[in-house]
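Chain letters run A, B, ... following the sequence lines, proteins first, then strands; residues in each count from 1.
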There are 2 protein chains.
Amino acid sequence: MNKFLSDKANSVIPYVQGEQPKDKKYIKLNTNESPYPPSKNVKKAIIESDFNDLRLYPDPDISDLKNIIAEKYQLESENIFIGNGSDEILAFSFMAFFNKKDKIYYPNITYSFYSVYSDLFDLSEKKIPLKEDFSIDINNYKNLDSGIIIANPNAPTGLLLELNEIEEIIKTNLNNIVIIDEAYIDFGGESAIKLINKYNNLLVIQTFSKSRSLAGMRLGFAIGNKELIKGLKNIKFSFNSYTINRLSILAGIEAFKDEEYFKESVSKIIITREKTKEELKKLDFKVLDSKSNFLFISHNKVFAEDIYLKLKEKGILVRYFKQDIIKNFIRVTIGTDEEMAIFIKVLKEII
Amino acid sequence: MNKFLSDKANSVIPYVQGEQPKDKKYIKLNTNESPYPPSKNVKKAIIESDFNDLRLYPDPDISDLKNIIAEKYQLESENIFIGNGSDEILAFSFMAFFNKKDKIYYPNITYSFYSVYSDLFDLSEKKIPLKEDFSIDINNYKNLDSGIIIANPNAPTGLLLELNEIEEIIKTNLNNIVIIDEAYIDFGGESAIKLINKYNNLLVIQTFSKSRSLAGMRLGFAIGNKELIKGLKNIKFSFNSYTINRLSILAGIEAFKDEEYFKESVSKIIITREKTKEELKKLDFKVLDSKSNFLFISHNKVFAEDIYLKLKEKGILVRYFKQDIIKNFIRVTIGTDEEMAIFIKVLKEII
């Protein structure tokens, strides 16, 4: 307790992000980054840009990047919102679509930042239990009385809802905002972006941090009805006029335009993921059928936290969550084939 | 009114930043950017950096930049907070140091974003009138009953409080947070950073956007007692784990280290400012004695809004605020000598 701090600053328990070691000697399979570098055009565009212009504020509307995204989805620039990572968009969404004390529904096992936001903004979180197999039962999300947020694929399970299931939730909640957090959608799911023109209660959030290999540049985007986007903009422009810097805008444009490279790296990750699933099953791991760039796995002989610690000791970082229902699982980001071969080899030594 | 939006997203009136024209044909004297490019070392460091690493999240603690700032002021890294522009730090400060409905004191004429934050976070703003000559009467700030924020030099007046006056406010408010927003301090004032170890109720906020020529990279920093910084961090890590991207960190480090270039550009701006003051006085302008990188001026024959519009017509952007007490003033950023010569020439044609 410090007397100068607000109640919230004294009480809130921040989100704990995965370890980001600075020495770089680890094989990093803990924060779901891409194992592949961003498109070569990112470097080219930045190097060729006029560094003298860094003295000038960036475009507060980020029009060039919005236009490219709008064009791809045959939407308008007013349907797009750009944020400093999808986390910033999530934070703004909690402010833009919920009043203090409003209920917000999400699965009991999901991206744990949602709970932090609920606390930070004094919402009343309603956690809906996953099924025994860790999947989402969409029947629990029909005809609710307040807004909903669902990560699809869900984290840290990696399990996917099909688009028709997502649509079922949206259309049975026409009076509630439905936010679909698609951070991992490119690794095997169908995006709800194609439903934007059909439903004015739908907001889809994506990120450049995973499939676009730009975690280091902090970019995310949201797509929705113009009125929803206007609400997000009202909050953002009351918070920080310029959240995206000049070089991140350039990086985003090039990464988004390089569709070929994007598809190539995503498909390499999917192939490695499926191969790794098989290897892990051979080692008697329970492996959820992830459609993301990570696997959620559990072994019935060796406790997950031990596996996590032993892997770390041997130079491999994975993510372990000390949360009751999932305490015997570790989350493993899909790395390169070479990294996953080492991972499997070390795992064999451990179990 | 949109039924999916929160009351705040429906009602808040966002801060209106200065125009950021995309065509670049204007002489831009409207958003207080530096007329000089950032240190050459910024470009060098970015170009030589490993672009493959952009796939990885940045250091969430931003230690390298914090350490350099801490070292300069003989403080510790725990005294430093880095934000995505000083605006983000201001937003976090309103969350970290004030509860809903708390009073917050600031001058009636100051950076207008403070009022937007007060509204966004439901604080009770208490505007203290400036004196007739637009200066701050520090007697009005002694022994208050809640937190205070003061821009020093103040904006858009450019008028400075001396460090002993700032200290007087701090030491007569030992139970209240006192935030000194020093966005423009490098252009002629003495920073309150040297009082950090003496007062635990003091937070100083600075920016890389003005004197460091990095508005385009979005960087600001706050310095204060470790407990205050911890409060800011609690809010920040509950909002967005990674607000500063990899290249902004590199840019910030190089800009901060290049003290010689920093001093050189700041002193050029000061010389141009003083010269411009004299020129404007010769043209019968009332010119406040700004210690910042902008001038706040008024003419008794031509109405400020007309001057603003005519300057714009002739390709020069300055800032005009439609606010009662200052409605006959324009704010003019100090550009290069060449830009200011054109500005004065065009002004002569107008008046």
Side-chain angles (χ1 to χ4, degrees), chain A residues 2 4-9 12 14-15 17 20 22 31 33-34 36-38 42-43 46-47 51-60 84-85 87-88 91 95-99 116 120 177 201 213-218 227-228 231 234-235 237-243 245-248 251, chain B residues 2 4-9 12 14-15 17 20 22 31 33-34 36-38 42-43 46-47 51-60 84-85 87-88 91 95-99 116 120 177 201 213-218 227-228 231 234-235 237-243 245-248 251:
Chain A
N2 177 289
F4 299 113
L5 301 188
S6 63
D7 298 341
K8 203 48 83 177
V12 74
Y15 175 74
Q17 77 279 1
Q20 298 292 5
K22 283 154 204 166
T31 49
E33 292 140 331
S34 173
Y36 302 110
V42 167
K43 179 172 183 176
I46 288 177
I47 283 186
F51 277 68
N52 291 345
D53 281 353
L54 297 185
R55 73 181 178 87
L56 299 170
Y57 284 102
D59 171 15
N84 184 9
D87 284 347
E88 189 187 67
M95 298 173 84
F97 306 119
F98 297 89
N99 290 317
V116 178
L120 183 64
I177 182 92
N201 61 326
S213 302
L214 277 181
M217 289 307 274
R218 317 306 308 119
E227 291 294 310
L228 301 186
N234 282 349
I235 297 295
F237 282 106
S238 303
F239 195 92
N240 189 358
S241 309
Y242 308 94
T243 60
N245 68 86
R246 287 181 169 261
L247 301 188
S248 289
Chain B
N2 177 288
F4 299 112
L5 300 189
S6 64
D7 298 340
K8 204 47 87 179
V12 74
Y15 174 74
Q17 77 280 1
Q20 297 293 4
K22 284 153 202 166
T31 51
E33 292 140 331
S34 173
Y36 303 110
V42 168
K43 178 172 184 175
I46 289 177
I47 282 185
F51 277 69
N52 291 345
D53 280 354
L54 297 186
R55 73 181 180 85
L56 299 169
Y57 283 102
D59 171 14
N84 183 11
D87 284 347
E88 189 187 67
M95 298 172 83
F97 306 118
F98 297 89
N99 290 317
V116 178
L120 183 65
I177 181 92
N201 60 328
S213 303
L214 277 181
M217 289 307 274
R218 318 306 307 120
E227 291 294 310
L228 302 186
N234 282 348
I235 297 294
F237 282 107
S238 302
F239 195 93
N240 188 0
S241 309
Y242 308 96
T243 61
N245 68 87
R246 287 181 169 261
L247 301 189
S248 290

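When each of Ala9(A), Ser248(A), Ser238(A), Pro37(A) is scored by its heavy-atom pairs under 4.5 Å with chain B, the top score falls to Ser238(A). Contact tally against chain B (heavy-atom pairs below 4.5 Å) for Gly231(A), Ala96(A), Gly85(A), Pro58(A): the top residue is Ala96(A). Taking Glu227(B), Arg246(B), Met217(B) one by one and counting their heavy-atom pairs under 4.5 Å with chain A, the maximum is reached by Met217(B). Per-residue heavy-atom pair counts under 4.5 Å with chain A were compared for Tyr36(B), Phe237(B), Tyr15(B), and the maximum is reached by Phe237(B). The most heavy-atom pairs under 4.5 Å with chain A, out of Asn2(B), Leu54(B), Ile177(B), come from Leu54(B). Chosen from Ala91(A), Ser6(A), Ala251(A), the residue pairing most often with chain B at heavy-atom distances under 4.5 Å is Ser6(A).
Considering every non-hydrogen atom in both Glu33(B) and Tyr57(A), the closest pair reads OE2-N, 2.7 Å. The two residues Asp87(A) and Asn240(B) make their nearest non-hydrogen contact at CB-OD1, 3.5 Å. Nearest heavy-atom pair, Phe239(A) versus Phe239(B), reported as atom, atom and distance to 0.1 Å: CZ-CZ, 3.6 Å. Summarising the geometry of Gly216(B) relative to Asn245(A), their closest heavy-atom pair is O-CB, 3.1 Å, with the distance given to 0.1 Å. Summarising the geometry of Arg55(A) relative to Ser34(B), their closest heavy-atom pair is NH1-O, 2.9 Å, with the distance given to 0.1 Å. Of all non-hydrogen atoms in Tyr242(A) and Arg218(B), the two that sit nearest each other are O-NE, 2.7 Å.
In this structure, the portion of Leu120(A) lying under 4.5 Å from any heavy atom of chain B is its side chain and not its backbone. Proximity to chain A (any heavy atom under 4.5 Å) is restricted, for Phe98(B), to the backbone atoms N, CA, C and O. Only the side chain of Gln20(B) comes within contact range of chain A, with heavy atoms under 4.5 Å apart. With a 4.5 angstrom heavy-atom cutoff, Asp59(A) touches chain B only via side-chain atoms.
Side-chain N or O atoms of Asn84(A) include one that pairs as donor or acceptor with a backbone N or O of Thr243(B) at under 3.5 Å. Between the side chain of Asn99(B) and the main chain of Asp7(A), a donor-acceptor pair closer than 3.5 Å is present.
Rounding to the nearest 0.5 angstrom, the gap separating the CG atom in Asn234(B) from the NZ atom in Lys8(A) is 11.5 Å. Note that the CD1 atom of Ile46(A) and the CD1 atom of Ile47(B) stand 10.0 Å from one another [nearest 0.5 Å]. Distance OG/Ser213(A) to CG/Leu56(B): 9.5 Å, rounded to 0.5 Å.
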